[in-house]
Amino acid sequence: MKNTLHLIAATSCAALFFSCQSPINNKVDVLTTSADGAHQLEATTVEFLEKAQEGAIPVTINPEEQFQTMDGFGYAITYSSCYNLLKMSDSLRHELLKQTYDVKEGYGASYARISIGCNDFSSTEYTLCDEPGLEHFRLYTDETDYVIPVLKEILEINPDLKIIAAPWTAPKWIKVDNIESMQPHDSWTDGHVNPQMYDTYAEYFVKFIETFQEQGIKIYAVSPQNEPLNPGNCASTYIPWQEEALLVKAMAAAFKQHALDTKIYVFDHNYNYDDKEDQIDYPVQIYKTLGNNFEGAEYVVGAAYHDYGGHPLELEDITAQAPEKEVIFTESSIGTWNKGRDLPVRLMKDMENLVLGTVNRNCKAVLVWNFMLDTNRGPNLDGGCQTCYGAIDINPENYTEYTLNSHYYVITHMSAVVQPGAVRIACNVPDETILTAAFQNPDGTLSVVMNNLAEEEKQVSVQLSGKTFCVTLPARSVVSCKW
């Protein structure tokens with residue numbers, strides 16, 4: 001089931017939902033999407049009742065039992081996403097971005113991921129310093145003409161947007177074939193960071209953060225390397241934990257010396273560590289190696305994960321071993337291999353594993369890959385993903401029609417009711433086919449997101465502090481409530 005809409009029609013859906021967002025009177029705002037496409041971000045309201053509806057399944061919320069504080073939900077803003085966005089008319093693009101990011105009149109997406117230099121959805125392979133020596137550091141046209149203009153437009157809509165960044169490759173002059181031979185590695189793909197260049201590479205990150213700050217764009221967090229255990233991407237650097245630990249130490253010291261306030265998340269790769277046995281528990285190995293007494297230790301706040309291998313249960317293991325550290329989820333993609341445009345196939349799976357499966361295992365943030373690609377899955381680079389879809393796919397024949405895919409729906413169902421700074425709270429339901437997560441927002445509102453995996457409609461009664469309201473969960477649907 002595709003959801004092809006003119007942008008103006010989509011914007012009116014957001015306006016309908018957020019026309020009733022103030023927690024007044026006796027109303028609960030409800031947002032519903034079903035896998036069969038009958039409900040697509042459908043906005044309704046229900047009222048609190050004096051008692052629970054007979055026969056309804058109880059969903060019990062306990063604000064006294066609290067877990068992690070949320071940073072937000074969002075998308076990767078790649079060159080390809082920006083290329084497509086900038087092909088749209090100014091008015092239609094702004095309406096789409098307002099629909100997605102505005103916290104009052106839109107769905108309130110609050111996080112973005114960008115690359116430091118190229119990624120597999122860039123115009124070409126490059127870094128921000130392709131000649132030896134950091135005096136040659138500069139922004140490429142991908143940044144100046146595409147990514148930065150779009151980020152600035154988003155920031156005008158949501159000034160509190162958090163941005164996390166990662167390199168796909170180190171500059172080639174910083175790479176060696178391996179740390180034993182130390183032979184130069186003149187390739188965008190594979191290679192290791194030269195250990196003698198850790199301090200220089202750390203300063204490269206500093207220059208990136210400061211250069212974006214000069215553009216009015218604050219970098220909230222970085223990771224040292226996208227997919228450090230994947231040497232085969234179109235742009236990549238292989239960095240096992242034994243090497244990333246030393247690089248992170250240099251980065252933390254440089255951030256401290258330059259008085260930055262940008263967080264560092266280690267790893268940024270799959271749950272299963274790409275089946276490399278000596279890399280299991282990659283983040284924990286770094287934490288143990290570095291300890292807590294190195295310069296800038298406070299910058300190393302946690303670990304980031306992708307889901308191209310393994311299971312989100314790994315998040316529980318890492319949290320148990322390092323409870324003082326954060327975990328976030330930074331990348332997942334849909335494409336031809338997983339029927340990414342088939343909403344009946346993807347909606348339930350993505351809500352269960354990508355969102356609720358990570359948030360309920362302590363993730364503070366959830367981001368998906370490309371915000372927008374065209375319907376030909378591009379533009380993209382040779383050697384990168386040729387089979388990926390965007391959270392939104394736009395028609396390149398007119399740049400006015402688009403398809404909302406499952407990733408847009410699942411991120412929206414969270415961002416629409418969970419504010420940055422919200423605290424996840426306890427939520428229990430005696431039905432294994434209903435998955436839930438509940439939150440207490442900074443403005444005093446509460447929210448619950450429910451995923452009905454069953455093939456039949458369910459009636460639930462949400463209960464807390466002596467209050468209750470009843471909501472219908474269509475068969476195989478996601479329902480978000482805020483009050």
Side-chain angles (χ1 to χ4, degrees), residues 7-8 10-11 13-15 17-18 41 70-116 119 121-122 139-166 208-209 211-222 262-263 328 330-331 365-374 390-394 399 402 404-405 407-416 418-421:
L7 295 180
I8 293 177
T11 303
C13 296
F17 182 62
F18 281 90
L41 298 176
M70 304 304 300
D71 274 342
F73 303 88
Y75 313 86
I77 304 299
T78 60
Y79 158 81
S80 295
S81 294
C82 297
Y83 176 91
N84 288 311
L85 285 165
L86 292 171
K87 285 287 188 179
M88 299 166 67
S89 70
D90 291 350
S91 60
L92 291 182
R93 179 182 66 255
H94 190 75
E95 287 183 48
L96 174 59
L97 294 179
K98 188 175 179 67
Q99 168 195 315
T100 303
Y101 292 96
D102 195 292
V103 298
K104 293 182 179 179
E105 299 178 30
Y107 294 125
S110 55
Y111 222 133
R113 185 171 182 241
I114 64 174
S115 59
I116 303 174
N119 59 70
F121 285 89
S122 294
L139 298 178
Y140 196 77
T141 54
D142 280 29
E143 286 81 36
T144 58
D145 296 353
Y146 294 93
V147 174
I148 287 176
V150 169
L151 286 178
K152 286 183 175 180
E153 187 169 356
I154 295 172
L155 286 165
E156 287 180 0
I157 296 167
N158 184 353
D160 295 323
L161 180 80
K162 292 182 173 68
I163 299 171
I164 186 170
F208 164 76
I209 294 166
T211 300
F212 265 64
Q213 185 65 54
E214 291 169 1
Q215 294 287 327
I217 299 172
K218 176 179 171 57
I219 302 300
Y220 178 74
V222 297
T262 301
K263 296 183 176 185
I328 60 173
T330 49
E331 187 181 319
V366 179
L367 296 101
V368 295
W369 194 211
N370 290 284
F371 176 64
M372 176 184 281
L373 295 178
D374 66 30
I392 302 172
D393 287 337
I394 194 162
Y399 290 101
Y402 67 83
L404 294 179
N405 292 322
H407 277 185
Y408 191 88
Y409 287 111
V410 298
I411 292 297
T412 293
H413 267 278
M414 301 303 292
S415 65
V418 184
Q419 300 167 354

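Of the possible donor and acceptor atoms, none in the side chain of Ser415 sits under 3.5 Å from a partner among the backbone N and O of Phe73. Formation of a donor-acceptor pair under 3.5 Å by the Ser81 side chain with backbone atoms of Ile77 is not found in this model.
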Evaluate Met88 against Met372 for side-chain contact (heavy atoms from CB on, under 4.5 Å), listing each step before the verdict.
CA-CA 12 Å; Met88 299 166 67; Met372 176 184 281; 4.0 Å; yes
Going through the distances and angles, do Thr100 and Tyr408 end up as a side-chain contact (heavy atoms from CB on, under 4.5 Å)?
CA-CA 9 Å; Thr100 303; Tyr408 191 88; 2.8 Å; yes
Where do Arg113 and Thr78 land on the side-chain contact (heavy atoms from CB on, under 4.5 Å) test, with the steps shown first?
CA-CA 8 Å; Arg113 185 171 182 241; Thr78 60; over 6 Å; no
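When the shell of 6.0 Å around OH of Tyr83 is examined, it contains 12 or fewer heavy atoms from other residues, nucleotides or ligands. The neighbour count for Lys218 NZ, taken as heavy atoms of other residues, nucleotides or ligands under 6.0 Å away, is above 12.
Here the shortest heavy-atom pairing between Ala365 and Met70 reads N-CE, 4.3 Å. Closest approach of Ala165 and Ile116 over heavy atoms only: CB-CG1, 3.7 Å. Contact between Ser115 and Asn119 at its shortest, heavy atoms only, is OG-ND2, 2.8 Å. Of all non-hydrogen atoms in Ser122 and Tyr79, the two that sit nearest each other are C-CD2, 3.4 Å. When all heavy atoms of Ile392 and Leu404 are compared, the pair lying nearest together is CG1-CD2, 4.0 Å. Residue Tyr111 comes nearest to Ala221 through the heavy atom pair OH-CB, 4.5 Å, listed as atom of the first residue, atom of the second, then distance.
Atom OG1 of residue Thr330 and atom CH2 of residue Trp369 lie 10.0 Å apart, to the nearest 0.5 angstrom. Rounding to the nearest 0.5 Å gives a distance of 10.5 Å between CG of Leu139 and CG of Asp145. The line from CG of Asp374 to NZ of Lys87 is 10.5 Å long, rounded to the nearest 0.5 Å. The structure places CG of Leu85 at 11.5 Å from CG of Leu92, a figure rounded to the nearest 0.5 Å. Expressed to the nearest 0.5 Å, how far SG of Cys82 lies from OH of Tyr146 amounts to 10.0 Å. Distance CD1/Ile148 to OG1/Thr141: 11.0 Å, rounded to 0.5 Å.
When side chains are defined from C-beta on, Asn84 counts as touching Tyr399, because their heavy atoms get closer than 4.5 Å. Put simply, the side chain of Lys263 does not reach to within 4.5 Å of the side chain of Lys162, judged on heavy atoms. In this structure, the side chains of Ile114 and Ile219 come closer than 4.5 Å at one or more pairs of heavy atoms. Taking 4.5 Å as the limit, some side-chain heavy atom of Leu151 sits within range of a side-chain heavy atom of Phe212.
Every residue two or more places apart in sequence or in another chain that forms a salt bridge (Lys or Arg N to Asp or Glu O under 4.0 Å) with Asp393 is listed here: Arg341.
In this structure, Phe371 and Tyr75 have perpendicular ring planes: the angle between them is above 60°, well past the 30° mark.
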Identify all side-chain donor-acceptor contacts of residues 152-161 below 3.5 Å with residues at least two apart in sequence or on another chain.
from	atom 1	to	atom 2	distance (Å)
Lys152	NZ	Gln215	OE1	3.2
Glu153	OE1	Arg93	NE	2.8
Glu153	OE1	Arg93	NH2	3.4
Glu153	OE2	His94	ND1	3.2
Asn158	OD1	Asp160	N	3.1
Asn158	ND2	Tyr101	O	3.4
Asn158	ND2	Ala109	O	3.1

